[in-house]
Amino acid sequence: MAYLNPAEVESALENLAAAYPGACELITCPNPTHEGRTTSVLRVGTRSGVDGVLLLGGVHAREWVPPDALVSLAADLLEAHQLGTGLVYGGQRYTADEVRRVVEDTALYVFPCVNPDGRAHSQTADPLWRKNRRPHPDGGGCVGVDVNRNFDFLWDHRARFAADSGVRTSANPCDRQVYRGPSAASEPETRNVVRLLDSRPDVRVLVDVHSAVPVILHAWGSDRNQSTRPEQTFLDARFDGVRGRPNDTGYGEYITPTDLGTVTALARRMRDAVKAVRGDDYPVEQAYGLYPTSGASDDHAYGRHVADPTRSKVFGFTIECGHTFQPTWAEAEEVVREVSSAVLALALALPAALSGTDR
């Protein structure tokens with residue numbers, strides 16, 4: 001068995017949509033990539049009007065496991081639901097009734113390969129390639145944007161963060177790892193994710209699956225969390241130039257106590273589900289604890305309702321799965337099981353978790 005390439009990911013989604021027409025829907029993303037590829041999202045769920053989870057994979061090209069993990073999860077769920085059986089991932093078991101609840105009482109929006117151009121380049125030319133394949137504006141050799149620095153959340157890091165914050169992004173088009181792009185949401189891959197959030201208000205959770213730390217991250221990634229000073233938010237320009245500074249008590253990103261409890265509890269459910277598979281430990285951390293970030297998908301998702309209260313509240317998470325970017329296939333299969341178990345645990349916990357939050 002080998003990792004799926006971008007064309008195979010798309011074919012797999014099309015085949016699942018054809019095989020299980022009553023339990024899923026194929027959604028074509030509106031923005032082709034720089035190299036002309038079209039991406040798809042598979043909505044797994046039999047009912048409308050239920051809470052949704054948007055699952056992202058392949059945002060960073062060199063992280064080969066997440067797209068395969070999300071395709072595998074969708075296939076497992078659809079088959080088990082049709083057959084009326086449970087699922088087993090190592091030491092973690094999900095009953096047939098739990099499978100039914102996931103498929104019938106939630107909607108999983110499975111977007112396995114957000115960045116297919118980058119994945120193709122990583123799989124055929126440069127294994128450690130991370131970004132997409134945006135051409136250099138002057139026709140030079142510097143190619144690509146880090147899609148996970150391109151979302152419209154504190155994107156202009158030079159203006160919005162302290163100079164000594166150590167925020168992990170760059171305005172240099174030749175930065176090989178974390179070039180943020182020429183403007184917020186400049187990239188078609190970014191706009192496809194944003195379009196899903198805009199057009200599917202039932203989405204209440206975004207999980208961006210990456211590798212390889214491992215860890216489960218929750219909001220915020222811009223600065224330490226605090227729940228006592230609601231005026232301190234990413235919207236307030238008074239705190240520009242201060243934000244992100246380590247060990248500084250002058251600013252912290254506001255999160256309500258209820259929301260902090262919700263994201264912590266859901267992250268712990270995912271952690272426990274991962275550990276049950278084979279004993280691997282994915283610690284739960286605030287994303288800022290890894291390093292300060294701007295333009296990240298999880299913060300953008302959660303920040304949308306803060307910037308515009310008419311939007312649905314979307315809790316953002318990042319799962320950093322496994323221990324290497326491109327493990328052997330035998331090891332990759334274990335990581336796939338861990339990711340699948342985490343997502344099922346999240347989906348099962350979601351109704352109760354959301355019942356105690358403001359929408």
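By the 4.0 Å N-to-carboxylate-O rule, Arg238 lies close enough to Asp236 to be salt-bridged with it. With respect to the salt-bridge test (charged N to carboxylate O, under 4.0 angstrom), the residues Arg278 and Glu331 qualify. A salt bridge is defined here as a Lys NZ or Arg NE, NH1 or NH2 lying under 4.0 Å from an Asp or Glu carboxylate O, and Arg176 with Asp126 meets this definition. A salt bridge between Arg130 and Asp146 is present, with a side-chain N of the basic residue lying under 4.0 Å from a carboxylate O of the acidic one. Electrostatic pairing of Asp198 and Arg195 does not count as a salt bridge here, judged by no charged N lying under 4.0 Å from a carboxylate O. Taking 4.0 Å as the cut-off between side-chain N and carboxylate O, Asp240 and Arg160 count as a salt-bridged pair.
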side-chain contact (heavy atoms from CB on, under 4.5 Å), that's the test. Do Glu8 and Asn5 meet it? Break it down for me.
CA-CA 5 Å; Glu8 290 167 338; Asn5 64 39; 3.3 Å; yes
So Arg200 and Glu25, salt bridge (Lys or Arg N to Asp or Glu O under 4.0 Å) or not? Walk me through it.
CA-CA 13 Å; Arg200 303 282 174 157; Glu25 170 196 2; 3.4 Å; yes
Working for side-chain contact (heavy atoms from CB on, under 4.5 Å), residues Thr293 and Arg149:
CA-CA 8 Å; Thr293 56; Arg149 299 296 183 271; 4.0 Å; yes
Kindly indicate, with the supporting measurements, whether the criterion side chain to side chain donor-acceptor pair (under 3.5 Å) is fulfilled by Ser170 and Asn172.
CA-CA 5 Å; Ser170 173; Asn172 177 6; 5.0 Å; no
Check the pair Asp97 / Arg100 against salt bridge (Lys or Arg N to Asp or Glu O under 4.0 Å), numbers first and verdict last.
CA-CA 5 Å; Asp97 184 64; Arg100 181 196 60 77; 3.0 Å; yes
Would Arg204 and Val314 satisfy side-chain contact (heavy atoms from CB on, under 4.5 Å), going step by step from the backbone distance to the final call?
CA-CA 4 Å; Arg204 301 301 314 284; Val314 181; 5.7 Å; no
Arg245 vs Asp164, side-chain contact (heavy atoms from CB on, under 4.5 Å): CA-CA, chis, key distance, verdict
CA-CA 6 Å; Arg245 183 174 286 135; Asp164 59 349; 2.9 Å; yes
From CA spacing to verdict: side chain to side chain donor-acceptor pair (under 3.5 Å), Asn31, Asn192
CA-CA 6 Å; Asn31 300 290; Asn192 283 334; 3.0 Å; yes
Evaluate Thr318 against Asp298 for side chain to side chain donor-acceptor pair (under 3.5 Å), listing each step before the verdict.
CA-CA 7 Å; Thr318 295; Asp298 49 5; 2.8 Å; yes
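By the 6.0 Å and 45° rule, Arg271 does not stack over the aromatic ring of Tyr282.
With rounding to the nearest 0.5 angstrom, the CG atom of Asp299 is 7.5 Å from the CG atom of Leu154. Interatomic distance, CZ of Arg269 versus OG of Ser341, reported as 10.5 Å (0.5 Å rounding). Note that the OG1 atom of Thr33 and the CD atom of Glu189 stand 6.0 Å from one another [nearest 0.5 Å]. Residue Ser165 holds its OG atom at 7.5 Å from OH of Tyr288, rounded to the nearest 0.5 Å. How far CZ of Arg47 is from CG of Asp105: 5.5 Å, rounded to the nearest 0.5 Å. Note: Tyr254 OH to Gln232 CD = 11.5 Å, rounded to the nearest 0.5 Å.
At distances below 3.5 Å, at least one donor-acceptor pair connects side-chain atoms of Ser186 with backbone N or O atoms of Ser183. The backbone N or O of Ile255 sits less than 3.5 Å from a side-chain atom of Ser227, completing a donor-acceptor pair. Within the 3.5 Å criterion, the main-chain N or O of Leu260 finds a donor-acceptor partner in the side chain of Thr264. Side-chain N or O atoms of Trp64 include none that pairs as donor or acceptor with a backbone N or O of Pro67 at under 3.5 Å. When atom types are taken as modelled, the side chain of Ser312 and the backbone of Pro201 share a donor-acceptor pair closer than 3.5 angstrom. In this structure, the side chain of Asn132 engages the main chain of Val145 through a donor-acceptor pair within 3.5 Å. Distance alone, capped at 3.5 Å, is enough to place a donor-acceptor pair between the Gln226 side chain and the Thr228 backbone. Counting only distance, with no hydrogens or angles, the side chain of Lys131 and the backbone of Val143 share a donor-acceptor pair below 3.5 Å. Judged purely by atom type and a 3.5 angstrom limit, Ser72 has no side-chain atom pairing as donor or acceptor with the backbone of Asp68. The backbone N or O of Glu253 sits nowhere less than 3.5 Å from a side-chain atom of Arg229 that would complete a donor-acceptor pair.
Leu13 is listed as a side-chain neighbour of Pro112, based on a closest heavy-atom distance under 4.5 Å. In this structure, Arg101 and Leu348 have side chains that are in contact, with non-hydrogen atoms separated by less than 4.5 Å. At a threshold of 4.5 Å between non-hydrogen side-chain atoms, the residues Glu338 and Tyr89 do not count as touching. In this structure the side chain of Tyr109 reaches within 4.5 angstrom of the side chain of Val203, judged on heavy atoms. Considering only heavy atoms from C-beta on, Thr106 stays 4.5 Å or farther from Val53 through its side chain. Under the 4.5 Å side-chain criterion, counting only non-hydrogen atoms from C-beta, Arg243 is in contact with Tyr251. In this structure, the side chains of Tyr179 and Pro173 come closer than 4.5 Å at one or more pairs of heavy atoms. By the 4.5 Å heavy-atom criterion applied to side chains, Asn115 and His60 are not counted as neighbours.
Shown are Leu42, Leu55, Leu196, Leu206; of these, the side chain to side chain contact (heavy atoms under 4.5 Å, CB included) with Phe111 is made only by Leu196. The side-chain hydrogen bond (donor to acceptor under 3.5 Å, both in side chains) with Arg180 is formed by just one residue from the set Asn150, Asp156, Asn148, Thr169; it is Asp156.
At most 12 heavy atoms of other shown residues, nucleotides or ligands fall within 6.0 angstrom of atom CD in Glu79. Atom CZ of Arg224 has more than 12 heavy atoms from other residues, nucleotides or ligands within 6.0 Å.
Aromatic rings from Tyr302 and Trp220 are positioned such that their centres are separated by under 6.0 Å. Aromatic pair His300/Phe151: ring centres closer than 6.0 Å.
The salt bridge (charged side-chain N to carboxylate O under 4.0 Å, His left out) search around Glu35 returns Arg37, Arg133, not counting sequence neighbours. Glu334 is linked by a salt bridge (charged side-chain N to carboxylate O under 4.0 Å, His left out) to Arg337, counting only residues two or more places apart in sequence or in another chain. Residues satisfying the side-chain hydrogen bond (donor to acceptor under 3.5 Å, both in side chains) criterion with Thr39, sequence neighbours excluded, are absent altogether.
Looking at Ser40 and Glu10, their side chains do bring a donor and an acceptor atom within 3.5 Å of each other. Side-chain N/O atoms of Asp208 and His210 include a donor and acceptor closer than 3.5 Å. Side-chain contact annotation: His34 with Glu187, donor-acceptor N/O pair under 3.5 Å present.
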